[in-house]
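Data first, discussion second: the structure below is written as structure tokens.
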Amino acid sequence: MRIGELEKLTDTPARSLRYYEAQGLIVPRRLSNGYREYDDYLVDRVIQIRGLIDSGIPTRIIKQILPCLDKPREIVVEDADPELLTLLARERDRMTTRIECLARNRDAIDDYMKAVSEATAQHGTTSAA
């Protein structure tokens, strides 16, 4: 597929896709005319990359952990960098904190929606929700 199609399928700007390529996160094939050709598996890869970036993980770290995201997973431990492990632990803990916060917010929204629904049912009024 061409970059425009990958852009639409992943909701990722072409500029970001080119940046991912420059960082070595994705590798498109090059056609004889120089155009990039993206394989179908890159749709999931780009979505994974975006999720990691949105979580605050820098691309230099993403590049190192990408093999762990593949199926089958390829985890290389022979040359594990202690600094990287420390950074990953910190990022994991930060993600856990964000997940807990999101879960609390989701639960609060659920509670609010339930209260509104119950009040509406008791009073026979309609709501905009």
Side-chain angles (χ1 to χ4, degrees):
M1 78 185 81
R2 298 285 170 84
I3 196 167
E5 188 177 353
L6 184 61
E7 180 178 28
K8 288 177 188 171
L9 290 172
T10 62
D11 195 29
T12 303
R15 181 177 178 175
S16 295
L17 295 172
R18 288 187 198 97
Y19 176 74
Y20 299 166
E21 179 184 354
Q23 297 298 308
L25 302 176
I26 61 174
V27 181
R29 290 179 285 113
R30 290 288 183 157
L31 301 177
S32 60
N33 60 6
Y35 286 6
R36 293 171 177 90
E37 182 73 21
Y38 295 90
D39 293 322
D40 291 340
Y41 82 91
L42 288 174
V43 171
D44 290 334
R45 172 58 52 96
V46 168
I47 292 169
Q48 286 178 318
I49 291 167
R50 284 201 54 189
L52 291 167
I53 288 172
D54 290 347
S55 296
I57 298 176
T59 55
R60 67 181 174 83
I61 301 301
I62 293 171
K63 184 175 181 178
Q64 294 179 6
I65 64 171
L66 275 177
C68 299
L69 303 175
D70 289 336
K71 293 179 183 174
R73 296 181 192 273
E74 176 188 326
I75 299 176
V76 180
V77 295
E78 291 85 30
D79 58 351
D81 179 2
E83 185 178 327
L84 172 61
L85 294 176
T86 300
L87 178 61
L88 288 174
R90 191 168 48 242
E91 289 299 327
R92 181 209 51 217
D93 295 345
R94 197 173 66 75
M95 290 170 74
T96 299
T97 300
R98 286 187 65 203
I99 290 167
E100 290 166 353
C101 179
L102 288 169
R104 283 192 308 272
N105 291 341
R106 180 205 55 219
D107 294 346
I109 289 170
D110 283 344
D111 291 344
Y112 177 79
M113 292 171 59
K114 182 179 177 185
V116 169
S117 293
E118 289 172 357
T120 301
Q122 286 178 351
H123 301 297
T125 59
T126 59
S127 75

(request) Decide side chain to side chain contact (heavy atoms under 4.5 Å, CB included) for Leu17 and Glu21; before the verdict, give the C-alpha distance in whole Å, the side-chain angles of both, and the deciding distance to 0.1 Å. (result) CA-CA 6 Å; Leu17 295 172; Glu21 179 184 354; over 6 Å; no

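- Using a 4.5 Å heavy-atom cutoff, the side chains of Tyr38 and Glu7 are not in contact.
- Judged as a side-chain contact (heavy atoms from CB on, under 4.5 Å), and not counting sequence neighbours, Arg15 has no contacts.
- Here Arg94 contributes atom CZ and Leu87 contributes atom CG; the two are 10.0 Å apart, rounded to the nearest 0.5 Å.
- Remark: Ile62 CD1 to Ile53 CD1 distance equals 4.5 Å, nearest 0.5 Å.
- Taking CZ from Arg36 and CE from Met1, the interatomic distance works out to 14.5 Å, rounded to the nearest 0.5 Å.
- Using a 4.5 Å cut-off between side-chain heavy atoms of Ile, Leu, Val, Met, Phe, Trp and Tyr, with links allowed through other members, Leu66 and Met95 fall into the same hydrophobic cluster.
- Val27 forms part of no hydrophobic cluster, judged by ILVMFWY side-chain heavy-atom separations under 4.5 Å.
- Remark: Arg29 engages Asp39 in a side-chain hydrogen bond (donor to acceptor under 3.5 Å, both in side chains) (not counting sequence neighbours).
- Under the side-chain contact (heavy atoms from CB on, under 4.5 Å) criterion, Tyr112 pairs with Val116, not counting sequence neighbours.
- Residues passing the side-chain hydrogen bond (donor to acceptor under 3.5 Å, both in side chains) test with Thr10 are Thr12, sequence neighbours excluded.
- Ile3 and Tyr41 end up in the same hydrophobic cluster when Ile, Leu, Val, Met, Phe, Trp and Tyr side chains are linked at under 4.5 Å.
- Salt bridge annotation for Arg2-Glu37: present, with a cationic side-chain nitrogen under 4.0 angstrom from a carboxylate oxygen.
- How far CD of Gln23 is from CD1 of Ile49: 10.5 Å, rounded to the nearest 0.5 Å.
- Residues Tyr35 and Leu42 are members of separate hydrophobic clusters, defined by side-chain heavy-atom contacts under 4.5 angstrom among Ile, Leu, Val, Met, Phe, Trp and Tyr.
- Note that CG of Asn105 is 11.5 Å distant from CZ of Arg98, once rounded to the nearest 0.5 Å.
- From Thr59, atom OG1 reaches atom CD of Gln64 across 10.5 Å, with rounding to the nearest 0.5 Å.
- In this view, Leu88 and Ile61, Ile65, Leu84 satisfy the side-chain contact (heavy atoms from CB on, under 4.5 Å) rule, not counting sequence neighbours.
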